[in-house]
Amino acid sequence: TTLSDKIGFIGILRDVTLSKQQKIKLESDQQVLIQKIEKSESTVIALSNSLHRESSERRAAEATLEYLAYHDALTGLMNRIAIKDYFEKRISEISPKDKIAVLFAELDKFKIINDSLGHHTGDLLLQEVSKRLENEIGNFGKVSRPGGDEFVILLDQIKNKEEIVE
């Protein structure tokens with residue numbers, strides 16, 4: 001064998017060794033990239049879940065605000081704004097033969113109950129009166145609590161004056 005043959009053989013060995021080292025380095029770098037991608041995916045998933053949760057919480061808060069804008073917080077009845085809007089809507093929809101009645105009710109001596117038995121008892125009384133009015137009115141109309149001890153009842157499913165008394 002000649003010296004050039006030996007040098008060529010050494011050169012080939014060096015190339016193979018370099019290729020193996022490069023392959024090992026490439027595989028190591030590839031593993032590092034895979035780990036970074038997996039970590040990034042986890043972060044993106046966590047952020048997406050957090051965003052979804054915050055979005056759901058925001059929608060729930062908006063729904064609560066929308067509800068409270070048109071309902072009495074204590075009784076859940078329509079408030080002054082809601083009953084006014086409902087009344088205006090019904091007036092615009094009715095025909096000349098339809099009948100609507102608007103009743104105003106106030107609890108007598110409610111202040112005495114609040115003052116003597118406490119606001120909690122007064123609140124319980126308002127809630128009970130609200131339930132009873134809604135049960136009695138049913139599908140014949142709407143009950144609202146514009147405030148305090150006042151109730152407005154809109155009967156929009158009546159045929160004659162006698163039904164109002166019933």
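- Follow the hydrophobic side-chain contacts under 4.5 Å out from Ile153 and you reach Ile158 in the same cluster.
- Under the 3.5 Å distance criterion, the side-chain polar atoms of Ser56 are matched with a main-chain donor or acceptor of His52.
- No donor-acceptor pair under 3.5 Å is formed between the side chain of Ser55 and the backbone N or O of Leu51.
- Taking CG of Leu26 as the start and CG of Leu33 as the end, the distance is 9.5 Å to the nearest 0.5 Å.
- Within the model, atoms CD of Glu54 and CG of Leu47 stand 9.5 Å from one another, a figure rounded to the nearest 0.5 Å.
- Nearest heavy-atom pair across Arg80 and Pro146 is NH2-O, 3.5 Å.
- Although no hydrogens or angles enter the test, the distance criterion places a donor-acceptor pair under 3.5 Å between the side chain of Gln127 and the main chain of Leu74.
- The minimum heavy-atom distance between Asn79 and Ser144, with the atom names listed, is O-CB, 4.2 Å.
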For residues 93-110, please give each side-chain donor-acceptor pair under 3.5 Å, one per line with the distance, not counting sequence neighbours.
residue : atom : partner : partner atom : Å
Glu93   : OE1  : Arg90   : NH1          : 2.9
Glu93   : OE2  : Lys89   : NZ           : 3.4
Ser95   : OG   : Asp98   : OD2          : 3.3
Asp98   : OD2  : Ser95   : N            : 3.0

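- The shortest heavy-atom contact between Leu154 and Ile83 is CB-CD1, 4.2 Å.
- Side chain of Arg132 to backbone of Asn135: no donor-acceptor contact under 3.5 angstrom is found.
- Hydrophobic clustering of Ile, Leu, Val, Met, Phe, Trp and Tyr side chains at less than 4.5 Å, counting indirect connections, unites Leu155 with Leu133.
- Interatomic distance, NE2 of His71 versus OG1 of Thr64, reported as 12.5 Å (0.5 Å rounding).
- Counting non-hydrogen atoms of other residues, nucleotides and ligands closer than 6.0 Å to CG of Asn49 gives a total above 12.
- Here Leu125 contributes atom CG and His120 contributes atom NE2; the two are 12.0 Å apart, rounded to the nearest 0.5 Å.
- Linking Ile, Leu, Val, Met, Phe, Trp and Tyr residues whenever their side-chain heavy atoms come within less than 4.5 Å places Ile91 and Met78 in a single cluster.
- The two residues Arg145 and Asp72 have their closest heavy-atom pair at NH1-OD2, 2.7 Å.
- Taking CD1 of Ile34 as the reference point, atom CD of Glu38 lies at 7.0 Å (rounded to 0.5 Å).
- Clustering ILVMFWY residues whenever any of their side-chain heavy atoms sit less than 4.5 angstrom apart, transitively, puts Leu126 in the very cluster that holds Val143.
- The 12-atom threshold is not exceeded at CZ of Phe140, counting heavy atoms of other residues, nucleotides or ligands nearer than 6.0 Å.
- Looking at every heavy atom in both residues, Ser130 comes nearest to Leu77 through OG-CD1, 3.4 Å.
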Worked verdict on Phe87 versus Asp156 for side-chain contact (heavy atoms from CB on, under 4.5 Å): CA-CA 9 Å; Phe87 180 71; Asp156 58 358; over 6 Å; no
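- Using a 4.5 Å cut-off between side-chain heavy atoms of Ile, Leu, Val, Met, Phe, Trp and Tyr, Ile81 falls into a hydrophobic cluster with Tyr70.
- Taking CD of Glu27 as the reference point, atom CD of Gln31 lies at 8.5 Å (rounded to 0.5 Å).
- Using a distance-only test at 3.5 Å, with no hydrogens or angles considered, no donor-acceptor pair links the side chain of Ser28 to the main chain of Ile24.
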